[in-house]
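Right, one structure below, let's go through it.
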Amino acid sequence: MRTFAEEHGCRVREIPQGNIVRLRFPFRAGRRNPLIDILRRFGVWGQRCDEKRLPDIEWSREFWIGCLSGLIDTDGCVRRRVNTRGTVHGTAEFATVSPRLAEQVSDTLLRLGVANTVRARRASQTKSRSVSGHPIVSRRAVYSVEISRATALVRFAQFVDLRIGYKAAALLQVAREVEHVTPAQSEMHGYDTSVALDRVTYISAPMVREVYGVTLTPSGLFLVNGLVVGAS
């Protein structure tokens, strides 16, 4: 971001007690904000909050990791909880009112080998809160992408790069406390080690066969025996 600011003649103001860099763009006649120009080029500027999405482009693995990190930093949370028996559990969550963005985040996590679930929380129509005498009534559902399996949390913590200090610390703490949990050795859970260790030895000639797919909503990907599988 500093390099981008230098290239476009922008003023940079940094917050000394954190990792946040704010760019201030000069208002020049006939010239748009250069950052907005880039967002317009990819079609992600000016979207409604419930229609937000990422461009359908084949980005690199590094891009998606950075994107997921930023989404968790801004609209995500990390929770640590202990049950009555003293067992530690954790959850990393991203929340949005856009079902399409939640689907993209879920699919991206699955491509990186992180199992997750998407839950839709319907908005309450009660007028329990108000601002300046005007009641607040939420009309949109909130879609939460949750990572709660111990093995998924550990894998997620290995590659994600959170910049918000307390969230990064909470994720590392939870990952350390649950890293001793091993995947379920059951075909029912899809973690049969004999299957996971198989390798492709040869590829036969192409053939045409009728197949049956499984449609899942909102995500079209799921994990089977440690492999990412696409549904159609």
Side-chain angles (χ1 to χ4, degrees), residues 1 14-21 54 59-96 98 101-121 142-199 216 218-219 221-229:
M1 291 183 70
E14 300 189 26
I15 298 178
Q17 288 84 14
N19 296 323
I20 300 175
V21 179
L54 294 167
W59 300 107
S60 65
R61 183 177 186 273
E62 290 72 20
F63 171 86
W64 284 117
I65 290 176
C67 184
L68 291 172
S69 303
L71 290 174
I72 297 294
D73 273 333
T74 52
D75 293 318
C77 64
V78 179
R79 295 191 180 94
R80 177 185 179 274
R81 60 189 186 278
V82 182
N83 63 16
T84 55
R85 294 180 295 180
T87 305
V88 177
H89 298 274
T91 302
E93 177 183 339
F94 166 70
T96 177
S98 170
L101 182 58
E103 178 185 351
Q104 289 179 311
V105 170
S106 176
D107 284 353
T108 301
L109 287 170
L110 286 170
R111 294 178 195 277
L112 295 171
V114 177
N116 62 88
T117 56
V118 181
R119 305 183 188 277
R121 302 173 183 174
V142 176
Y143 297 87
S144 300
V145 183
E146 300 177 3
I147 307 169
S148 54
R149 280 188 183 177
T151 51
L153 274 171
V154 172
R155 182 173 178 83
F156 182 65
Q158 290 173 347
F159 64 75
V160 76
D161 182 21
L162 300 182
R163 300 299 180 92
I164 303 301
Y166 70 90
K167 292 184 182 181
L171 180 60
L172 290 177
Q173 179 184 359
V174 170
R176 291 193 192 100
E177 291 179 311
V178 301
E179 63 182 356
H180 66 281
V181 180
T182 58
Q185 304 300 315
S186 168
E187 294 181 1
M188 205 173 191
H189 292 80
Y191 286 101
D192 188 347
T193 54
S194 63
V195 175
L197 296 177
D198 281 351
R199 299 188 180 210
L216 300 179
S219 175
L221 297 175
F222 54 96
L223 292 177
V224 175
N225 294 328
L227 303 177
V228 179
V229 180

Looking at residues at least two apart in the chain, or sitting in another chain, which of them share a side chain to side chain contact (heavy atoms under 4.5 Å, CB included) with A168? L162
Considering only residues two or more places apart or on different chains, which pairs with a residue in residues 60-71 satisfy salt bridge (charged side-chain N to carboxylate O under 4.0 Å, His left out)? none
Report the residues that fulfil salt bridge (charged side-chain N to carboxylate O under 4.0 Å, His left out) with D161, sequence neighbours left out, ordered by chain and then residue number. R163
Test side chain to side chain contact (heavy atoms under 4.5 Å, CB included) on L171 and L153 and set out the steps. CA-CA 8 Å; L171 180 60; L153 274 171; 4.2 Å; yes
Distance col, row L109:CG vs E146:CD, nearest 0.5 angstrom, shows 12.0 Å
Run through I164, V160, T74 and flag the one making a side-chain contact (heavy atoms from CB on, under 4.5 Å) with S69. V160
Mind checking what makes side chain to side chain contact (heavy atoms under 4.5 Å, CB included) contact with L172, not counting sequence neighbours? R176
Assess whether atom CZ of R119 is packed by more than 12 heavy atoms of other residues, nucleotides or ligands within 6.0 Å. no
Where at least one partner belongs to residues 157-182, residue pairs that pass ring-ring contact (aromatic ring centres under 6.0 Å, His included), sequence neighbours excluded: F156-F159
Work out which heavy atom in V142 is nearest to a heavy atom in A95; give both atom names and the distance. CG1-CB, 4.0 Å
For K167 versus G76, what's the shortest heavy-atom pair and its separation? NZ-O, 2.7 Å
Please name all residues satisfying side chain to side chain contact (heavy atoms under 4.5 Å, CB included) with T87, sequence neighbours left out, ordered by chain then number. N83, R85, H89
The side chain to side chain donor-acceptor pair (under 3.5 Å) partners of T96 (sequence neighbours excluded) come to none
Please identify each residue that fulfils salt bridge (charged side-chain N to carboxylate O under 4.0 Å, His left out) with E93, with sequence neighbours left out. R79, R121
Please name the pair of heavy atoms, one in A152 and one in I147, separated by the smallest distance, quoted to 0.1 Å. CB-CG2, 3.7 Å
List the residues meeting side chain to side chain contact (heavy atoms under 4.5 Å, CB included) with L54, not counting sequence neighbours, and say none if there are none. W64, C67, L101, Q104
Looking at every non-hydrogen atom in both residues, tell me the closest pair between Y143 and S98 and how far apart they are. CD1-C, 4.2 Å
What pairs with T91 under side chain to side chain donor-acceptor pair (under 3.5 Å), at least two apart in sequence or on another chain? R81
I'd like to check L68 versus L112 (side-chain heavy atoms, cut-off strictly below 4.5 Å). Are they in contact? yes
Out of curiosity, N116 CG to S144 OG, how far, rounded to the nearest 0.5 Å? 11.5 Å
